[in-house]
2 protein chains.
Amino acid sequence: MKDLFGTHENKLDAKGRVSVPASFRNAWKDVPEMTLIIRPSAVPDCLEVWPEPTYEQFRQEVRALPKNTPERLAQETIVFSQAVPAEIDPQGRISIPADLAEEIGLSASVCFVGRGDYFQIWDPAKAKAFLKATRAHIHKVAIEAPSS
Amino acid sequence: MKDLFGTHENKLDAKGRVSVPASFRNAWKDVPEMTLIIRPSAVPDCLEVWPEPTYEQFRQEVRALPKNTPERLAQETIVFSQAVPAEIDPQGRISIPADLAEEIGLSASVCFVGRGDYFQIWDPAKAKAFLKATRAHIHKVAIEAPSS
DNA sequence: GGTCCTTTTGCCACTTTATGGGAAAACGTG
DNA sequence: CACGTTTTCCCATAAAGTGGCAAAAGGACC
């Protein structure tokens with residue numbers, strides 16, 4: 001389970017399938033037939049996709065919370081209710097559930113964004129805006145720092 | 001892993017590949033088949049290229065940050081989403097991903113700038129401007145300092 | 001100035017990846 | 001139980017990426 005790097009854009013086909021970038025598949029190929037978990041992210045307009053073995057930690061965190069508290073209920077929602085398992089098919093594709101696709105405004109193309117342990121799924125235009133905002137912030141810091 | 005010195009200019013081929021200067025390869029040749037990590041720099045209009053073993057420290061820094069904070073998300077973007085691993089091929093070349101090349105305005109030629117532990121990749125004209133601006137800044141400091 | 005060696009770079013061939021479409025299987029409904 | 005719909009699997013083609021050879025360019029050293 002190597003880290004996931006980079007951003008990649010692939011096309012949704014008529015059946016709602018899309019190829020997972022080869023570099024992501026290769027990074028995880030030491031666990032064959034691995035299940036993935038797709039869920040909405042805390043970041044608006046994107047989904048998170050986790051390998052099931054890594055996702056186990058979230059489940060344990062939820063179970064450690066005291067029952068029937070607002071935090072526990074909220075975490076149960078995030079970790080279970082809105083999350084769905086998915087498999088990578090023999091051609092390296094996943095199908096994105098229609099309700100989640102709609103939630104983040106997916107249309108023809110899908111942008112995959114590597115985040116180390118997991119990846120994000122975005123509409124390409126929104127992904128670009130998200131990444132650009134971070135870069136702009138970093139450049140601002142780099143330019144301002146020496147003169148201060 | 002000796003330090004990288006100097007600046008060198010090489011040409012991109014039709015497929016986005018370019019020879020890494022021999023002096024850089026030689027400086028790193030004690031780690032055979034080393035993976036490199038290419039990412040946008042905090043300095044606008046250039047890329048940074050790090051040896052994977054050195055890059056490990058950045059990954060650990062990210063993982064030490066609390067999840068879902070603005071800092072963590074920004075660092076995940078810098079360290080993973082915009083970074084890509086690259087290998088030096090048997091001819092001593094690396095291929096620069098199209099999106100990163102576009103980001104810094106690369107065209108036919110690539111300028112490699114040694115920075116000790118890592119090197120930068122620039123469009124030659126911009127590299128020249130960057131180095132010149134830095135020298136001017138240093139001269140200014142050298143002249144002003146004694147009079148203060 | 002000429003020869004040899006290293007480095008760079010163009011080009012071709014091959015492998016891998018992405019994607020469209022068709023057939024079979026599973027599912028749900030009336 | 002039969003039908004239509006949806007999902008999954010598999011094949012085939014297209015596109016992209018990777019590796020390798022070999023010629024050209026550049027330097028070093030006689």
Side-chain angles (χ1 to χ4, degrees), chain A residues 2 4-30 32-36 38 49 84-102 106-114 119 121-124 127, chain B residues 2 4-29 32-38 49 52 83-102 106-114 119 121-124 127:
Chain A
K2 300 207 184 79
L4 306 185
F5 287 94
T7 76
H8 312 266
E9 193 174 326
N10 286 331
K11 285 177 191 144
L12 270 176
D13 71 12
K15 301 173 189 173
R17 300 174 299 183
V18 62
S19 288
V20 175
S23 68
F24 290 5
R25 299 198 310 259
N26 293 339
W28 287 345
K29 70 162 174 281
D30 53 323
E33 304 188 21
M34 185 169 57
T35 297
L36 307 178
I38 308 178
V49 181
V84 289
E87 305 272 338
I88 297 181
D89 79 11
Q91 279 67 41
R93 296 179 282 203
I94 53 171
S95 50
I96 300 177
D99 56 336
L100 292 180
E102 190 189 2
L106 274 190
S107 53
S109 288
V110 177
C111 188
F112 293 83
V113 178
F119 65 85
I121 286 179
W122 291 84
D123 175 74
Chain B
K2 300 204 184 80
L4 306 185
F5 289 94
T7 76
H8 311 265
E9 192 173 328
N10 285 331
K11 285 179 189 141
L12 271 175
D13 74 11
K15 296 176 186 168
R17 297 181 295 187
V18 62
S19 287
V20 175
S23 69
F24 290 5
R25 298 200 309 260
N26 293 338
W28 286 345
K29 70 162 174 281
E33 303 189 21
M34 185 169 57
T35 297
L36 307 178
I37 309 281
I38 309 178
V49 181
E52 203 280 330
V84 284
E87 305 272 338
I88 296 182
D89 77 12
Q91 280 68 38
R93 298 174 290 195
I94 54 172
S95 57
I96 300 179
D99 55 335
L100 292 180
E102 189 189 2
L106 274 190
S107 53
S109 288
V110 177
C111 187
F112 293 83
V113 178
F119 64 85
I121 286 180
W122 291 85
D123 175 74

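Chain naming here is simple, since letters A, B, ... match the order of the sequence lines and numbering starts at 1 in each.
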side-chain contact (heavy atoms from CB on, under 4.5 Å) involving A:Ala101 - partner list, sequence neighbours excluded: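 Once residues adjacent in sequence are excluded, the partners of A:Ala101 under the side-chain contact (heavy atoms from CB on, under 4.5 Å) criterion are A:Ile96, A:Leu106.
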By side-chain contact (heavy atoms from CB on, under 4.5 Å) - contacts of A:Lys15 (at least two apart):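 Applying side-chain contact (heavy atoms from CB on, under 4.5 Å) to A:Lys15 gives A:Asp13, A:Arg17.
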Taking salt bridge (charged side-chain N to carboxylate O under 4.0 Å, His left out) as the definition, give me every residue that meets it alongside B:Glu52, ordered by chain and number, with sequence neighbours left out.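 Salt bridge (charged side-chain N to carboxylate O under 4.0 Å, His left out) list for B:Glu52, sorted by chain: B:Arg59.
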Excluding sequence neighbours, so at least two apart, what forms salt bridge (charged side-chain N to carboxylate O under 4.0 Å, His left out) with B:Asp99?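 Salt bridge (charged side-chain N to carboxylate O under 4.0 Å, His left out) check on B:Asp99 returns nothing, list empty.
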For B:Phe119, all residues meeting ring pair (Phe, Tyr, Trp, His ring centres under 6.0 Å), sequence neighbours excluded: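 Here the qualifying residues are B:Phe24, B:Trp28, B:Phe112.
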Between [X] ([atom1]) and [N] ([atom2]), how many Å, whole number?
X: B:Phe24; N: C:dT6; atom1: CZ; atom2: C1'; value: 17 Å
X: B:Asp13; N: D:dA24; atom1: CG; atom2: C1'; value: 15 Å
X: A:Ile88; N: D:dT8; atom1: CD1; atom2: P; value: 14 Å

Is any side-chain N or O of [X] closer than 4.0 Å to OP1 or OP2 of [N]?
X: B:Asn26; N: C:dT6; result: no
X: A:Asn10; N: C:dT19; result: yes
X: B:Arg25; N: C:dT6; result: no

Take nucleotides 15-22 of chain D nucleotide by nucleotide from the 5' end and write B, S or -, depending on whether a protein heavy atom sits under 4.0 Å from the base, only from the sugar-phosphate, or from neither. ---BBBB-
